[in-house]
Amino acid sequence: MSILITGGAGFIGSHTCVEMLTAGYDVIVADNLYNSSIEALRRVEEITNKKVKLYEVDVCDKYALRTIFTENSIEAVIHFAGYKAVGESVEKPMMYYNNNLISTLSLIDVMNEFNVKNLVFSSSATVYAGDNSVPLTEDMKLGAINPYGKTKLFIEEILRDLCAANPDWCVALLRYFNPIGAHKSGLIGESPKGIPNNLMPYISQVAVGKLKRLNVFGDDYETRDGTGSRDYIHVVDLAKGHVKAMAWALKNTGCDAFNLGTGTGTTVLELRKAFMDATGMDVPYVIAPRRAGDLAEVYALPDKAEKVLNWKAELNIQDMCEDTWRWQKNNPSGYECSSKSK
Ligand code: WQD
């Protein structure tokens with residue numbers, strides 16, 4: 001029996017492939033490589049010494065999905081595939097609604113056709129309404145403010161309704177906080193296309209000399225040092241959370257949401273300092289205006305995942321910085337210039 005991982009060539013997807021293979025599952029990946037690289041999967045095979053079967057397909061394409069389910073004995077699915085840039089989603093909402101919603105609806109339909117009813121879904125802390133207090137708990141108010149976050153919220157609602165009407169389904173909704181870091185081998189990591197939107201890849205590209213300086217988006221928030229505070233979680237801890245969620249989904253029914261965070265907030269300037277301390281590299285910065293839509297503080301209460309999934313983040317900010325730097329210095333342009341890339 002195999003696990004289908006959609007978007008498995010991406011940042012979180014590739015790290016999850018490593019952990020699922022290490023846990024003894026066979027892995028099939030469906031990925032259109034729009035925002036990922038086949039090189040990442042080659043390196044997943046190098047790290048695990050196990051094979052990954054890739055179908056280079058668009059998950060919106062039901063015919064392609066049917067081929068995958070026909071050719072393989074699939075037990076369950078982890079669904080990462082989707083566009084994920086907040087800013088881009090504001091400029092191109094219909095691109096996000098079409099892709100993220102249709103791919104999920106197509107996947108659910110084909111899973112039903114093949115009687116596959118266990119799903120782990122890549123959700124996000126962005127589904128929480130902005131006026132919640134911190135730490136965030138899974139029962140708090142939902143309410144996304146950008147089209148990307150709304151696709152995650154809409155998909156959560158679709159999956160809740162699916163499970164309510166079909167008690168033989170089981171869905172784990174994993175709400176990620178801020179995934180950063182890289183596998184300790186330095187072989188796989190975050191490889192954003194163009195200028196990074198997110199903080200850690202921006203910091204690491206300044207450190208490696210690809211970008212001049214960090215723009216700190218606002219220093220007048222109600223936080224320890226005035227800069228935004230987030231719950232950064234090591235991508236390997238996050239990937240291990242998917243292994244635990246899959247085990248839960250395979251032996252339960254119903255739909256349930258879980259925060260995957262550390263429960264600790266770190267500010268922009270604190271992360272910058274931790275990165276410099278961990279790597280010895282300089283990260284010059286300037287204070288810039290606040291970014292629209294940003295909140296002062298976002299961090300999880302991760303107790304439910306610990307209690308129900310028996311999962312808890314183990315790696316700390318220093319690990320995240322050291323592992324990010326090992327990946328970035330060995331791959332200054334990510335997978336773009338790897339000699340064996342596609
Ligand atoms: C973190 C902090 C910025 C860049 C986003 C998505 C969320 C999830 C994770 C997918 C904030 C500050 C950032 C920079 C900065 N993705 N910052 N200069 O916005 O918390 O979450 O990524 O699920 O859905 O919203 O992450 O890394 O963009 O920002 O000062 O160049 O760093 O203001 O305080 P965010 P981020």
Side-chain angles (χ1 to χ4, degrees), residues 7 10-13 35 79-90 96 100 121-130 134 136 142-156 173-181 190 192 194-207 210-235 238 241-242 257 259-262 264-275 283-300 317 320-321 324:
F11 171 43
I12 303 170
N35 190 24
H79 180 35
F80 290 109
Y83 298 147
K84 61 161 194 166
V86 170
E88 183 183 52
S89 79
V90 174
Y96 273 68
N100 292 8
F121 173 62
S122 167
S123 190
S124 166
T126 203
V127 302
Y128 287 110
V134 284
L136 290 164
L142 304 180
I145 56 169
N146 56 69
Y148 159 75
K150 288 177 186 175
T151 66
K152 292 297 185 183
L153 181 53
F154 296 164
I155 293 167
E156 283 203 7
L173 306 169
L174 301 185
R175 294 174 181 166
Y176 310 154
F177 281 71
N178 289 63
I180 62 173
E190 191 166 8
I195 306 289
N197 298 306
N198 297 135
L199 180 61
M200 184 55 116
Y202 204 105
I203 286 176
S204 63
Q205 287 196 20
V206 170
K210 285 196 74 176
L211 295 170
K212 269 196 175 316
R213 71 180 71 78
L214 171 66
N215 299 299
V216 176
F217 297 148
D219 66 346
D220 57 353
Y221 288 102
E222 292 291 311
T223 63
R224 284 186 293 276
D225 59 21
T227 62
S229 175
R230 296 291 184 273
D231 185 336
Y232 297 98
I233 175 171
H234 198 295
V235 65
L238 193 71
H242 288 72
N259 286 340
L260 295 192
T262 67
T264 303
T266 302
T267 71
V268 176
L269 291 179
E270 289 167 347
L271 187 66
R272 169 188 172 270
K273 183 175 186 312
F275 187 89
V283 179
Y285 76 96
V286 292
I287 300 296
R290 288 186 175 193
R291 181 173 64 177
D294 274 352
L295 300 173
E297 279 192 298
V298 181
Y299 60 90
I317 289 285
M320 296 177 214
C321 293
T324 297

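Remember, it's 1-based here, ligands and their atoms both numbered in the order they're listed.
- At least one heavy atom of V216 sits less than 4.0 Å from an atom of ligand 1.
- Within ligand 1, counting atoms from 1 as listed, the ones closer than 4.0 Å to a heavy atom of S124 are 23 (O), 24 (O).
- The option from Y232, F217, Y176 that lies nearest to atom 31 (O) of ligand 1, judged by heavy atoms, is F217.
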May I have the step-by-step check of side chain to side chain contact (heavy atoms under 4.5 Å, CB included) for T264 and D231, ending in yes or no?
CA-CA 6 Å; T264 303; D231 185 336; 5.5 Å; no

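- Residue, atom and distance of the protein heavy atom nearest to atom 29 (O) of ligand 1 are R291 NH2, 3.2 Å.
- Close approach of ligand 1 to N197 (heavy-atom distance below 4.0 Å) involves ligand atoms 4 (C), 28 (O).
- Nearest non-hydrogen protein atom to atom 33 (O) of ligand 1 is D294 OD2, 2.6 Å.
- A donor-acceptor contact closer than 3.5 angstrom links the side chains of S122 and Y176.
- From the protein, the heavy atom lying nearest to atom 12 (C) of ligand 1 is V268 CG2, 3.7 Å.
- In this structure, Y96 contributes its side chain and A85 its backbone to a donor-acceptor pair below 3.5 Å.
- The protein non-hydrogen atom at the shortest distance from atom 20 (O) of ligand 1 is R230 NE, 2.7 Å.
- Figure legend: R230 and Y299 shown without cation-pi pairing, the cationic atom not lying both under 6.0 angstrom from the six-membered ring centre and within 45 degrees of its axis.
- Summary of contacts: the protein heavy atom closest to atom 22 (O) of ligand 1 is N198 ND2, 3.2 Å.
- Side-chain atoms of N146 come within 3.5 Å of backbone N or O of Y148 as a donor-acceptor pair.
- Taking the ring centre of Y285 as origin, the terminal cationic atom of R272 falls outside the region bounded by 6.0 Å and 45° from the ring axis.
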Could you go through the ring pair (Phe, Tyr, Trp, His ring centres under 6.0 Å) check for F80 and H242 one step at a time?
CA-CA 11 Å; F80 290 109; H242 288 72; 5.1 Å; yes

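- Of the candidates H79, E156, K152, S123 forms a side chain to side chain donor-acceptor pair (under 3.5 Å) with just one, namely E156.
- If you look at T227 next to ligand 1, there are no close heavy atoms at all, none under 4.0 Å.
- In L199, the parts holding a heavy atom less than 4.0 Å from any atom of ligand 1 are both the side chain and the backbone.
- Scanning the protein heavy atoms around atom 18 (N) of ligand 1, the nearest turns out to be N215 O, 2.8 Å.
- For Y148, every heavy-atom contact with ligand 1 shorter than 4.0 Å involves the side chain, none the backbone.
- The main-chain N or O of Y83 is found under 3.5 Å from a side-chain atom of N100 such that the two form a donor-acceptor pair.
- The side chain to side chain contact (heavy atoms under 4.5 Å, CB included) check on D219 picks up T227, I287, with sequence neighbours excluded.
- In terms of protein heavy-atom proximity, atom 9 (C) of ligand 1 is closest to N178 ND2, 3.9 Å.
- Counting heavy atoms closer than 4.0 Å to ligand 1, residue V298 contributes nothing at all.
- Of all protein heavy atoms, the one closest to atom 6 (C) of ligand 1 is V86 CG2, 3.8 Å.
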